[in-house]
Amino acid sequence: MARGKLRIHLGAAPGVGKTYAMLAEAHRRVERGTDCVVAFVEHHGRPRTEVLLHGLEQVPRRELEYRGGVFPEMDLDAVLARRPQVALVDELAHTNVPGSRNAKRWQDVEELLAAGIDVVSTVNIQHLESLGDVVESITGVRQQETVPDEVVRRADQVELVDMTPEALRRRMAHGNIYRPDKIDAALSNHFRPGNLTALRELALLWVADRADAYLTQYRSEHRVSKIWGSRERIVVGLTGGPEGRTLIRRGARLAEKGAGGEVLAVYIARSDGLTSASPKELALQRTLVEDLGGTFHHVVGDDIPAALLAFARGVNATQIVLGSSRRKTWQYVFGPGVGATVARESGPDLDVHIVTHDEVARGRGLPVARGARLGRSRRVWGWITGVAGPPLLAALLNAVDLGLANDMLLFLALTVAAALLGGLLPALASAAVGSLLLNYFYTPPLHRWTIADPKNIVAIVIFVAVGVAVASVVDLAARRTHQAARLRAESEILSFLAGNVLRGETGLEDLLERVRETFGMESAALLERASDVEPWTCAGRVGRGHPVDRPDQADVDMPVGDHMALALTGRVLPAEDRRVLAAFAAQAAVVLDRRRLREEADRARTLAEGNRIRTALLAAVSHDLRTPLAGIKAAVTSLRSEDVEWSEEDRAELLAGIEEGADRLDHLVGNLLDMSRLQTGTVTPLIREIDLDEVVPMALGGVPEGSACLDVPETLPMVAVDPGLLERAMANLVENAVKYSPPGALVLVAGSALADRVEVRVVDRGPGVPDEAKERIFAPFQRHGDAPRGAGVGLGLAVARGFAEAMGGTLEAEDTPGGGLTMVLTLRAAGTRPEHRPAAEPERQAS
């Protein structure tokens, strides 16, 4: 039985129209006479989607009981028994209720496909299993329902259902996606413009990659060698020379001229590995091409032009960028060169750019390793074999006459043995001593340093040449082996350093300990001084041994700038190790600078927080001081007046007003005293873990009863705040919302959790605030609209934001869907590490 075909409608987020598109496709198929049924489609109460279900046959659902509830699920057996041509199955990543045949809905779909039934389904990009970590970093929520990528990749068709974030948010605000009571939370959480834009980009890139993979597969299956310029792919050919960086930048500029351009830098090495580019230069070029958004490739091939063209056609490239040849003029007698050959054989579908650079015609100048890299014992045995071996062999051959040819072969074998053991110099010594002995003992005239037969001269020359050639190969192989091992060790160390730079994980002491262990030193220290005349001070030290106070006291010192040095004790390092040591020293300086910048930022942030609290408290005093003073003065003046005879009730009411005003003044004076302590650095906000429902209800005490309602779930995580400051901030927000709400409209105070944050939203149904004024309302002495003078001088929101930022939170204004303003107070959940928090413990509570 032929397997059914799977078609998937992929979207970036709920509400983009995946189910709508699937049902519209079903109606088109039914009109064409296709037997199509609805196996499971959830319309989520959306009227337009629900209307499309009319006219389509729906397979009855199966109801399962789970934890006291009844849940509808797709009846897989009924769909298999009905056996339609096409089945519609919504929400491919859905997790079935326990008790179902399969744990996941995509497994149900696999059974339908295996039965020969075509399936049309839907899925959101955030439900792909491989994108779980990426989606969590964007939205702050880990998706629990996922589908393996391979299931979606195996689909016969994947159709992207796309919509701009702005249009999707408008659809949400109009109530076309969720119920009205969920709109506010959705717009402020998952449906933020940034979230939607990032998810949309993920969906577009995923579909683009799948289309690219399909195109590559199609060209491979149909053996299409001709390049299809679906998008610009620029291959940059590198030789490992310094001109590579110029070529990479030119290729990047070419790629930017077309939409979706891609840069692929490729270095082609010979298979024998005897000639290679500078590893350091290639590493720099790899970093450059990756920084510019391209990719680096290492290809092995003896025929460089053919390998380069094969790579370009294999990746469907449209252009090749090569540099002008660095060969000297006389070297062109050996051939036209790589650039000319590639340009000649590229064909009409592949453009070749030859780029000039500063290294043209200067020769390759590739680095050559110096010095023998054989072990000491091998070199000793090589010298013994090369110097003492020929006389011993001559003594043996004098007793046996084997002929000149055999004698020369034996001396040649001895020279090869000396080369294998000791390298080039012992082999040269063996060849020299052996040739002299051959001339003296075995070449006529005997026992004289002359050669009568010219053929014997040729034989001895060949003998010496073979010995030198073998010795050179052995020496080169030894140097290459040593170089490869050393470069591998250096690459691991530099990779470790690069990872630490990117992650910012290593502390100074940890890095110094790594230096000490890497180079086998007794101690490592980072020394610094303010100027040339100042004494050296130690910024960090690890290890045992006598500490050094100056770089010249150390066995090894590596300067870092003018006034910093890395000092090591234990042994003297060879010059070749100083390159890696320089990288460690530079990283140590960066770590030290980062630590100090963090400390300075913490101190500056502490001062800024204190300044914000001082400003907020002063603003509150100047704002609220006049009202209680005016009330107290009016009440006292009334009581002292002899013109009016006050009753006991009136007198009690006036005295109560005086007491209330005095209490308010006492509270303001207390805040003022705390502000002065904040300024002197003797008090900071006392951050402790507390439940929101312990503080937020107290903030509603200052508003008329029945003007606000509270929705703070008990399941919310605890928050790390100063309770007093939080209460004052919430009171200001609620009072402001009640002030601008129309009569009879309740102010909603709702709490919700999002990743490592907790949000408190104060929602009113007032006139709202335009976007250009949303930031101004938090400035002191700002009143939006035509608020009466008696409504205050506009400091409540400024005070609330100052307190929120002092606690490490934020306060922002958003539109309320349907009209009004929503204040979003974001607080740090308990148990999470603050992004920027001074290390000093507070002395007392500031509220």
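Computed from a predicted structure; not experimentally measured. When reading the values below, keep in mind they use all heavy atoms of this one structure, side chains included, and skip hydrogens, waters and symmetry mates.
Atom CD of Glu805 sits about 9.5 Å away from atom CZ of Phe778, to the nearest 0.5 Å. Atom-to-atom distance recorded for Asp156:CG and Arg3:CZ is 8.5 Å, nearest 0.5 angstrom. The distance from the CG atom of Leu202 to the CZ atom of Arg200 is 12.5 Å, given to the nearest 0.5 Å. With rounding to the nearest 0.5 angstrom, the CD1 atom of Ile777 is 7.5 Å from the CG atom of Asn736. With values rounded to the nearest 0.5 angstrom, Thr164 atom OG1 is found 9.5 Å from Arg171 atom CZ. Separating the CG atom in Leu821 from the CD atom in Glu814 is a distance of 9.0 Å, to the nearest 0.5 Å.
The shortest heavy-atom contact between Gly751 and Leu716 is C-CD1, 3.7 Å. Taking every heavy atom of both residues into account, Met730 and Ala699 meet most closely at CB-CB, 3.5 Å. Nearest heavy-atom pair across Val824 and Arg761 is CG2-NH1, 3.5 Å. Between Lys18 and Gly11 the shortest heavy-atom distance is CD-N, 3.4 Å. Considering every non-hydrogen atom in both Ser100 and Leu64, the closest pair reads OG-CD1, 3.2 Å. In terms of heavy-atom proximity, Pro165 sits nearest to Leu196 at CB-CB, 3.7 Å.
Taking 4.5 Å as the limit, some side-chain heavy atom of Arg46 sits within range of a side-chain heavy atom of Ile177. Contact of the Met22 side chain with the Val41 side chain is registered, since non-hydrogen atoms from C-beta on lie closer than 4.5 Å. Contact annotation: the side chain of Glu145 never approaches that of Glu91 to less than 4.5 Å [non-hydrogen atoms, C-beta and beyond]. In this structure, Glu111 and Ile117 have side chains that are not in contact, with every pair of non-hydrogen atoms separated by 4.5 Å or more. Contact annotation: the side chain of Pro193 approaches that of Arg169 to within less than 4.5 Å [non-hydrogen atoms, C-beta and beyond]. At a threshold of 4.5 Å between non-hydrogen side-chain atoms, the residues Glu42 and His94 do not count as touching. Between Ser707 and Val747 there is no side-chain heavy-atom pair separated by less than 4.5 Å. You'll find the side chain of Leu76 reaches within 4.5 Å of the side chain of Leu80, heavy atoms only.
Using modelled atom types, one side-chain atom of Asp722 and one backbone atom of Gly724 make a donor-acceptor pair closer than 3.5 Å. Between the side chain of Asp149 and the main chain of Leu128, no donor-acceptor pair closer than 3.5 Å is present. Of the possible donor and acceptor atoms, none in the side chain of Gln157 sits under 3.5 Å from a partner among the backbone N and O of Arg7. Asn96 places a side-chain N or O within donor-acceptor distance of the main-chain N or O of Asn102, the cut-off being under 3.5 Å. Judged purely by atom type and a 3.5 angstrom limit, His27 uses its side chain to pair as donor or acceptor with the backbone of Leu52.
Residue Lys774 places its NZ atom among more than 12 non-hydrogen atoms of other residues, nucleotides or ligands, all under 6.0 Å distant. Within 6.0 Å of CZ in Arg154 there are more than 12 heavy atoms belonging to other residues, nucleotides or ligands.
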Report the C-alpha distance between Glu25 and Arg29 in whole Å, list the side-chain angles of each, state the deciding distance to 0.1 Å, and finish with yes or no for salt bridge (Lys or Arg N to Asp or Glu O under 4.0 Å).
CA-CA 6 Å; Glu25 172 67 19; Arg29 296 196 181 198; 2.9 Å; yes
Decide side chain to side chain contact (heavy atoms under 4.5 Å, CB included) for Leu733 and Val749; before the verdict, give the C-alpha distance in whole Å, the side-chain angles of both, and the deciding distance to 0.1 Å.
CA-CA 10 Å; Leu733 294 178; Val749 181; over 6 Å; no
Stepwise salt bridge (Lys or Arg N to Asp or Glu O under 4.0 Å) test for Glu759 and Arg192
CA-CA 14 Å; Glu759 291 186 347; Arg192 297 174 185 263; 2.7 Å; yes
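Looking at Thr49, Thr122, Asp90 one by one, the single match for side-chain hydrogen bond (donor to acceptor under 3.5 Å, both in side chains) with Thr19 turns out to be Asp90.
For Ala39, the side-chain contact (heavy atoms from CB on, under 4.5 Å) partners two or more places apart in sequence, or in a different chain, are Met74, Val79, Ala87, Val89.
The salt bridge (Lys or Arg N to Asp or Glu O under 4.0 Å) contacts involving residues 62-74 comprise Glu73-Arg105, where partners must be two or more places apart or lie in separate chains.
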